[in-house]
Number of protein chains: 2
Amino acid sequence: MDLSKTKRFGVHLDVTLKLIKQDLLKRFRQNNIDLTPEQWTIISELADQETIYQRELAAGTFKDAPTVSRIVELLVNRGYISRKADKLDRRKFLVSLTKKGRDIYEKSSPILYDARTLGWKGLNNQDYKDLTRILNKISSNISNDEIS
Amino acid sequence: MDLSKTKRFGVHLDVTLKLIKQDLLKRFRQNNIDLTPEQWTIISELADQETIYQRELAAGTFKDAPTVSRIVELLVNRGYISRKADKLDRRKFLVSLTKKGRDIYEKSSPILYDARTLGWKGLNNQDYKDLTRILNKISSNISNDEIS
DNA sequence: ATATAATACTTGTCAAGACAACTATTGCAT
DNA sequence: ATGCAATAGTTGTCTTGACAAGTATTATAT
């Protein structure tokens, strides 16, 4: 691998990701959806999982506990999700979407669809496979190093 | 393009980028380099460009003016860069690395090299070309839409 | 020449992430 | 049964980023 070429490959990822997030945020705003991309990630995870613990929510979205704690608090305050104590283990909180939360998730889905359609224009399934493979490889390279 | 597969491709990029940044930050700390990845990006840009305006620095690092303003202030306070008013246009500031700044850049280079070597283990030049092409395509798709 | 627009940069506010430190609760070893 | 470790979550602090609004300076239109 020619390392001189990969100088700042992180910067390249960073710039692209910023564009993707800005684009999504803008689309949400244009459609009166008061969600950030990160809040959407949390809601999307809950939409798939019904009722889960905050800890699982953190693991599923690859966010740390403090970040999830704060986003959950914000979304509870806005009425999108509910949080209730677990009876068996009082350390835990069970989190789930409210009706309002499910509504905004469904309202946001076509916007996500549009954003993806635009972002992937001119790219094909092989490109997606390649991107996924490369990102997974980088992730596992770093994660495995972390453990050892 | 099968859109169902690309659901949350932004999340995938996000997770990978977080790992890359965390890994780099950890390596900096282990080597007593008191820099964040973002601060490194600024310093790296300055190392290539000698003396530039803050605005150019922002463009080169794809950060917005307020973000650059604050990182620059922080790095000036720590003695890594210097900022002096431009004589011809008093709105502008000329920014450049100090000796201390160049030193830490040189000290950080092998750490960047190590991080890249680890991150790209098992990937080849074609993978890098593919990743670059795909990221550029996504970026241009979004940017061109922005203009229209 | 003067008003207005544009440019360069700063400041304020909120969201999010990294990390350390904290509380409360539960699990486990002996 | 008691002490200690582990777990779930919260809070605090700092950094970064998005975005709006501000100041100061320069360019431009008439």
Side-chain angles (χ1 to χ4, degrees), chain A residues 10-11 14-30 34-43 52-59 61-78 80 83-95 146, chain B residues 10-11 13-30 34-43 52-59 61-78 83-95 146:
Chain A
V11 172
D14 189 53
V15 170
T16 307
L17 185 60
K18 272 186 217 167
L19 280 173
I20 291 169
K21 285 186 179 179
Q22 282 174 30
D23 175 62
L24 186 57
L25 184 60
K26 197 180 131 198
R27 286 166 186 271
F28 279 162
R29 287 185 177 174
Q30 285 170 345
D34 187 28
L35 288 180
T36 64
E38 309 307 337
Q39 291 160 15
W40 178 85
T41 303
I42 295 285
I43 284 179
I52 55 176
Y53 297 117
Q54 271 189 221
R55 180 170 164 56
E56 296 170 324
L57 188 52
T61 59
F62 295 89
K63 297 180 185 302
D64 70 355
T67 299
V68 168
S69 178
R70 283 170 182 128
I71 297 179
V72 163
E73 185 190 10
L74 187 152
L75 293 175
V76 166
N77 288 341
R78 290 192 191 157
Y80 294 128
R83 174 168 50 176
K84 50 187 174 182
D86 185 53
K87 276 141 196 153
L88 298 176
D89 187 338
R90 286 188 302 166
R91 290 173 302 186
K92 296 181 179 177
F93 286 97
L94 282 164
V95 181
E146 206 74 12
Chain B
V11 173
L13 280 175
D14 189 54
V15 170
T16 307
L17 185 60
K18 272 187 217 166
L19 280 173
I20 291 169
K21 285 186 178 178
Q22 283 174 29
D23 175 62
L24 185 58
L25 184 60
K26 196 180 133 197
R27 285 166 187 270
F28 280 162
R29 288 186 176 172
Q30 284 170 346
D34 188 27
L35 288 180
T36 64
E38 309 306 337
Q39 291 160 15
W40 177 86
T41 302
I42 295 284
I43 285 180
I52 55 176
Y53 297 117
Q54 271 188 222
R55 180 172 164 56
E56 296 169 324
L57 187 52
T61 59
F62 295 90
K63 297 180 184 302
D64 70 357
T67 299
V68 168
S69 179
R70 283 170 182 128
I71 298 179
V72 163
E73 186 190 8
L74 187 152
L75 292 175
V76 166
N77 288 341
R78 290 192 192 158
R83 173 169 51 175
K84 50 186 173 182
D86 185 51
K87 276 141 196 153
L88 298 176
D89 187 339
R90 286 188 301 166
R91 291 172 302 187
K92 296 181 178 175
F93 286 98
L94 282 163
V95 181
E146 206 74 12

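Given the structure is predicted, the values throughout are model-derived calculations rather than measurements. Numbers restart at 1 for each chain; the letters A, B, ... are given by sequence-line order, proteins then strands. Below, all heavy atoms of this structure are taken into account, side chains as well, without hydrogens, waters or symmetry copies.
- Heavy atoms only, all atoms of each residue included: B:Pro37 and B:Leu24 are closest at CB-CD2, 4.1 Å.
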Go through the steps for A:Val95 and A:Tyr53 under the test side-chain contact (heavy atoms from CB on, under 4.5 Å), then give the verdict. CA-CA 6 Å; A:Val95 181; A:Tyr53 297 117; over 6 Å; no
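- Under 4.0 angstrom from either OP1 or OP2 of D:dT10 there lies at least one side-chain N or O belonging to A:Arg83.
- With hydrogens and angles disregarded, a donor-acceptor distance shorter than 3.5 Å links the side chain of A:Lys18 to the backbone of B:Phe62.
- Atom CG of A:Asp34 and atom P of C:dC14 are 14 Å apart (whole Å).
- Checked against B:Asp23 for a side-chain contact (heavy atoms from CB on, under 4.5 Å), the options B:Lys26, B:Lys21, B:Arg27 give a single hit: B:Arg27.
- Comparing A:Asp89 and B:Arg55 by the nucleotide of DNA chain C whose heavy atom lies nearest to each, the residue mapping closer to the 5' end is B:Arg55.
- One can find a donor-acceptor pair under 3.5 Å joining the base of C:dT7 and the side-chain atoms of B:Arg91.
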Mind running side-chain contact (heavy atoms from CB on, under 4.5 Å) on A:Asp14 and B:Glu38 for me, showing each step along the way? CA-CA 10 Å; A:Asp14 189 53; B:Glu38 309 306 337; 4.2 Å; yes
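- Atom CZ of B:Arg90 is separated from atom P of D:dT25 by 5 Å (rounded to the nearest Å).
- Rounded to an integer number of Å, the gap from OH of A:Tyr53 to P of C:dT25 is 16 Å.
- Straight-line distance from the CG atom of B:Asp23 to the C1' atom of C:dA18: 14 Å, rounded to whole Å.
- Looking at every heavy atom in both residues, B:Gln54 comes nearest to B:Val72 through OE1-CG1, 4.0 Å.
- For the pair A:Ile52 CD1 and D:dA8 P, the interatomic distance rounds to 13 Å; values are reported in whole Å.
- Rounded to an integer number of Å, the gap from NZ of B:Lys92 to C1' of C:dT10 is 17 Å.
- Proximity note for A:Ala65 (side chain, C-beta onward) versus D:dT10, C:dC9, D:dT25: the nearest is D:dT10.
- Contact annotation: B:Ser69 reaches the phosphate of C:dT10 (side-chain N/O to OP1 or OP2, under 4.0 Å).
- As a whole-Å value, the separation of B:Leu94 CG from C:dA8 C1' is 12 Å.
- Rounded to a whole Å, the NZ atom of A:Lys87 is 15 Å from the P atom of C:dT26.
- Using a 4.5 Å heavy-atom threshold, the side chains of B:Leu74 and B:Arg78 count as touching.
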Would you give a per-nucleotide map of nucleotides 15-21 of chain D, 5' to 3', where B means the base has a protein non-hydrogen atom under 4.0 Å away, S means only the sugar-phosphate does, and - means neither? SSBBBB-
